[in-house]
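Here the structure comes first, spelled out in structure tokens, and everything after it is commentary.
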Amino acid sequence: GYFPYVARLSGLEHVKLHASDNREELERAREALNTAAEGRQVLMLSSGDPGVFAMASAVFEVLDHAQPEEQARWAAVDIEVLPGITAMLAASARLGAPLGHDFCTINLSDNLKPASVIERRIQLAAQADFAMAFYNPCSKSRPQGFVRALNVLIEECEPERLICFASNVSRPDETLRVCQLQQVTPDMADMRTVVIVGNSLTRQVGKHVYTPRSYGVQTHA
């Protein structure tokens with residue numbers, strides 16, 4: 001797994017650790033498959049849920065593009081994907097229920113897709129009035145990701161739209177912040193932050209944020 005995730009298992013003496021950089025996902029998946037093909041039990045470690053912007057997809061991508069000799073070597077490998085709690089759901093639980101109605105999830109990293117595609121998806125999601133969860137809003141190598149997203153939101157949403165910032169959720173230095181779109185600045189998000197954008201009906205009650213289950217219709221469920 002990625003260096004900081006693997007480091008959390010350093011106290012387990014019966015586990016052999018293989019740490020690598022976060023830009024080496026496909027190489028990591030290939031190494032795991034080769035090790036498993038030798039009869040070893042292998043854990044591919046992700047944070048959150050492995051199927052959400054994480055390693056499960058990388059493993060299947062390597063399988064999909066395997067050379068014939070690799071296909072033969074990996075044919076007997078039994079792959080099991082174990083679900084986890086992805087960051088947006090952990091953040092949503094801490095905040096209240098901002099994803100209580102229809103929502104979408106968008107990775108703001110342009111490492112694997114063009115920035116124009118990201119901006120278009122945010123624009124369409126805002127026009128459809130989805131709540132949105134943004135992963136990987138910005139980093140030192142990608143400082144403009146959240147800036148571009150914020151510009152689209154300003155064009156498409158009302159200034160009072162609620163925006164939630166959840167950083168280091170479930171850790172000792174966890175921070176939660178809720179503000180209106182008109183108050184947001186680009187420096188509010190970093191790589192440890194999940195940004196949740198409410199829809200037009202998202203509200204704050206006390207310290208909690210929620211999006212009503214009904215859309216413009218009063219119900220008594």
| message | Whether the N199 and T211 side chains hold a donor-acceptor pair (N or O, under 3.5 Å, no angle test) is what I'd like checked. | response | no
| said: Does any part of the side chain of F130, heavy atoms only, come nearer than 4.5 Å to the side chain of L99, both counted from C-beta? | reply: no
| Hphob cluster co-occupancy, I106 + V194, side-chain heavy atoms under 4.5 angstrom | no
| said: For C138 versus P143, what's the shortest heavy-atom pair and its separation? | reply: CB-O, 4.1 Å
| query | If you measure only the distance, is there a donor-acceptor pair under 3.5 Å linking the side chains of Y2 and S47? | reply | no
| message | So that I can tick it off, tell me whether D21 and R28 are bridged by a salt bridge, with the cut-off set at under 4.0 angstrom between side-chain N and carboxylate O. | response | no
| request: Please say whether more than 12 non-hydrogen atoms of neighbouring residues, nucleotides or ligands are located less than 6.0 Å from CD in Q41. | output: no
| remark: Taken in chain and number order and not counting sequence neighbours, the residues that satisfy side-chain contact (heavy atoms from CB on, under 4.5 Å) with Y210 are A97, R203, V205, P212
| said: Do N111 and R23 make a side-chain contact, defined as non-hydrogen atoms from C-beta onward lying under 4.5 Å apart? | reply: yes
| task | Using the rule that two of Ile, Leu, Val, Met, Phe, Trp, Tyr join whenever any of their side-chain heavy atoms come within less than 4.5 Å, decide whether I163 and L95 are in one cluster. | result | no
| Does any donor atom in the side chain of R192 or S167 lie under 3.5 Å from an acceptor atom in the other side chain? | no
| Does L181 reach the side chain of P159, with side-chain heavy atoms less than 4.5 Å apart? | no
| Between the main-chain N or O of S200 and the side-chain N or O of D129, is there a donor-acceptor pair closer than 3.5 Å? | yes
| request: Hydrophobic side-chain clustering at under 4.5 Å (ILVMFWY, transitive links): who's grouped with V81? Put none if nobody. | output: L26, L33, M44, M55, V59, F60, V62, L63, W74, V77, I79
| message | Do M132 and I154 land in one hydrophobic cluster if side-chain heavy atoms of ILVMFWY residues count as linked below 4.5 Å? | response | yes
| message | Just checking L12: does its CG atom have more than 12 heavy atoms from other residues, nucleotides or ligands closer to it than 6.0 angstrom? | response | yes
| message | Side chains of L153 and F134, heavy atoms from C-beta outward: is any pair under 4.5 Å? | response | yes
| Nearest-0.5 Å distance, OG of residue S139 to CG of residue N22 | 9.0 Å
| message | Could you check whether any side-chain heavy atom of L176 comes within less than 4.5 Å of a side-chain heavy atom of F165, counting everything from C-beta outward? | response | no
| query | Between R161 and V197, is any pair of side-chain heavy atoms under 4.5 Å apart? | reply | yes
| request: Could you grab the distance from atom OG1 of T185 to atom CG of D187, nearest 0.5 Å is fine? | output: 3.5 Å
| field | Cluster link V42 to L17, ILVMFWY, side chain under 4.5 Å | value | no
| said: Count I, L, V, M, F, W, Y as connected when their side-chain heavy atoms are under 4.5 Å apart, and connections chain through other members. Are L162 and I196 then in the same cluster? | reply: yes
| field | Chi angles and distances behind the side-chain hydrogen bond (donor to acceptor under 3.5 Å, both in side chains) call for S109, N107 | value | CA-CA 6 Å; S109 171; N107 188 341; 4.6 Å; no
| task | Give a yes or no on whether L124 atom CG has more than 12 heavy-atom contacts from other residues, nucleotides or ligands under 6.0 Å away. | result | yes
| request: Indicate yes or no: at least one non-hydrogen side-chain atom of Q204 is less than 4.5 angstrom from one of H208. | output: no
| query | Does D102 pair with R213 as a salt bridge, N-O distance under 4.0 Å? | reply | no
| message | With no hydrogens and no angle check, just 3.5 Å: does a side-chain donor-acceptor pair link Q182 and Q180? | response | yes
| remark: Between the CD atom in E160 and the OG1 atom in T202, the distance rounded to the nearest 0.5 Å is 13.5 Å
| task | For residues V6 and H18, determine if any side-chain heavy atom of one lies less than 4.5 Å from a side-chain heavy atom of the other. | result | no
| request: Enter the distance from R121:CZ to K113:NZ here, rounded to the nearest 0.5 Å. | output: 6.0 Å
| query | Which pairs with one or both residues in residues 95-123 pass ring pair (Phe, Tyr, Trp, His ring centres under 6.0 Å), sequence neighbours excluded? | reply | H101-Y215
